[in-house]
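Just below is one structure, and these are the notes that go with it.
Below, each value reflects all heavy atoms present in this structure, side chains not excepted, and no hydrogens, waters or symmetry copies. Predicted model, so just to flag it, every value in this text is computed and none were measured. Starting from 1, each residue takes its place in the sequence as its number. Each ligand, and each atom within it, is numbered from 1 in the order the structure gives.
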Amino acid sequence: MLEEIKSIEIITPDDWHLHLRESPLIEKVFPYTFTKFGKAIIMPNLKNPIIRLSQAHEYYKKIKSLIIPGYNFEPLMTLFLSEETRLKDIYDGVKSGTISAIKFYPQGVTTNSYGGVKDLSKMYNLLEKLPDLNIPLLIHGETTNSKVDIYDREAYFLEETVSKLIEKIPELKIVLEHITTKDSVDFILENNSNIAATITAHHLILNRNNLFDEGLRPHYYCRPIAKREEHRMAVRNAATSGNSKFFLGTDSAPHLDKNKESACGCAGIFSAPNALGYVAQVFEEESALDNLENFISINGAKFYNLSLNSTLSKFTKFKEAIKYPSKIEVGKELITVFNPGYPLYWKNEIVGEKNLIKEKF
Ligand code: DOR
Ligand code: ZN
């Protein structure tokens, strides 16, 4: 029996940025999410990106079919912004309740983004329609200009693309995904309430030195790449502050080991099995456990105008380290689970319906 040190009960969390992939990966990675989260924004960058509403419907059905009875998980589907994107798919998708957001990948910026948009100004006509539908544009915020140093690409992108977009369509709701810099934190705070940001567990923990700890660490490589320590601290302060503009998006992004441990390794960190535990640990380290519920369970739903989950989750700190798989198997292949290099002491589980636990609500 593990020895409990402390525990808190909060509304069951959501993941506002998640990659589930397709068979055979999805069957292996998804249980780590539907057993711990109430909802998640599902990224559309499949090999064949989710551009049409019919593709989103199919993907939604596939995801739903994998949920074990007893879990109430809801996948929130997104469409991949491309020059082929049709307004009708967006309208119909939002009206039918299938589509919760549109995702913009600058062309070629990361995994399966070759069909992304090169020049966002070409899409302004379409983006102008989003405010009426009350759904946000989710932005992978890095320039694809290879002359810009990779560590500066997020900051550069704010001026190059995001500022112009806000100036042109100030009513557009925007989520700047997986922010990694002080520049982005300041940008979010300086702009109006239509812009918010997701933050990953790994960017709260890693700085750019960790990529080279005693050698090259392919399992710490993701996009945007981890930045200097001062940036990590700025992002950490933003997350733990409780400010409603910041919420958890794990960006859990599984790739087979053979594709990461390679001469040209893929970007992505698979953190679904332990992201929530490590986030709780970060909040404890920052003496900010009172703000954990805002960051993982409240702020995102409020920004998206969605209801809070109806269940509670118990987060418990144990005296002994929590075991989690270091790798998961997919047929003969493996996927490495995020390991920050120090033990995990926090574990969480869904414990029941909110209305059964009267004293809190
Ligand atoms: O590291 C990343 N991996 N960043 C992204 O933006 C995409 C993701 C993926 O799909 O692998
Ligand atoms: Zn992502």
Note to self: Looking only at the aromatic ring of each residue, does the gap between the centers of Phe295 and Phe247 stay below 6.0 angstrom?
What the structure shows: no
Notebook entry, point to check: Is Arg21 close to ligand 1, meaning an N/O of one under 3.5 Å from an N/O of the other?
Noted result: yes
Margin query: So Leu120 and Leu127, do their side chains get closer than 4.5 Å, heavy atoms only?
Written below: yes
Margin query: As an exercise, identify every atom of ligand 1 less than 4.0 angstrom from a heavy atom of Ala253.
Written below: 3 (N), 8 (C), 9 (C), 11 (O)
Notebook entry, point to check: With distance as the sole criterion, is a donor-acceptor pair present between the side chains of Asp15 and Thr250 under 3.5 Å?
Noted result: yes
Notebook entry, point to check: To the nearest 0.1 Å, how far is atom 4 (N) of ligand 1 from its closest protein heavy atom, and which atom is that?
Noted result: Arg223 O, 2.8 Å
Notebook entry, point to check: Checking only N/O/S atoms, does His140 have one that is under 2.8 Å from the Zn ion (ligand 2)?
Noted result: no
Notebook entry, point to check: In the protein, which heavy atom is nearest to atom 3 (N) of ligand 1, and how far is it?
Noted result: Ala267 O, 3.0 Å
Checklist line | Phe303 six-ring centre to Lys173 NZ/CZ under 6.0 Å and within 45° of normal | finding: yes
Got a list of side-chain donor-acceptor pairs under 3.5 Å for residues 217-225, not counting sequence neighbours?
from, atom 1, to, atom 2, distance (Å)
Arg217, NE, Asp213, O, 2.9
Arg217, NH2, Asp213, O, 3.0
His219, NE2, Glu261, OE2, 2.7
His219, NE2, Thr336, OG1, 3.4
Tyr220, OH, Asn339, O, 2.6
Tyr220, OH, Pro340, O, 3.4
Arg223, NE, Glu142, OE1, 3.3
Arg223, NE, Glu142, OE2, 3.3
Arg223, NH2, Glu142, OE1, 3.4
Arg223, NH2, Glu142, OE2, 3.3

Check: Quick check, are the ring centers of Tyr278 and Tyr342 under 6.0 angstrom apart?
Finding: yes
Next item on the list: Determine whether the side chain, the backbone, both or neither of Asn45 has a heavy atom under 4.0 Å from any heavy atom of ligand 1.
Entry: side chain
Check: When the aromatic ring centroids of Phe80 and Tyr105 are compared, is their separation below 6.0 Å?
Finding: yes
Checklist line | For ligand 1, the portion of His140 having any non-hydrogen atom under 4.0 Å away | finding: side chain
Check: Is the shortest distance from a heavy atom of Lys103 to ligand 1 less than 4.0 Å?
Finding: no
Notebook entry, point to check: Short N/O distance, under 3.5 Å, between Gly268 and ligand 1?
Noted result: yes
Margin query: At less than 4.0 angstrom from any non-hydrogen atom of Thr111, what atoms of ligand 1 do you find?
Written below: 9 (C), 10 (O), 11 (O)
Next item on the list: May I ask you to identify, for Cys222, whether its side chain, its backbone, both or neither come under 4.0 Å of ligand 1 on a heavy-atom basis?
Entry: both
Notebook entry, point to check: Any idea which part of His202 is under 4.0 Å from ligand 1, heavy-atom wise: side chain, backbone, both or neither?
Noted result: neither
Check: Is there a heavy atom of Asp251 sitting under 4.0 angstrom from any atom of ligand 1?
Finding: yes
Next item on the list: Give, rounded to 10 degrees, the angle between NE2 (His17) and OD1 (Asp251) as seen from the Zn ion (ligand 2).
Entry: 90°
Notebook entry, point to check: Taking the six-membered ring for Trp, are the ring centroids of His140 and His178 within less than 6.0 Å of each other?
Noted result: yes
Next item on the list: Give a yes/no on ligand 1: does His255 have at least one heavy atom closer than 4.0 angstrom to it?
Entry: yes
Note to self: Just to confirm my output: which protein heavy-atom neighbour is closest to atom 7 (C) of ligand 1, and how far is it?
What the structure shows: Thr110 OG1, 3.3 Å
Notebook entry, point to check: Are Tyr304 and Trp16 close enough that their ring centres sit under 6.0 Å apart?
Noted result: yes
Notebook entry, point to check: Among Glu22, Glu27, His57, which one satisfies side chain to side chain donor-acceptor pair (under 3.5 Å) with Lys62?
Noted result: Glu27
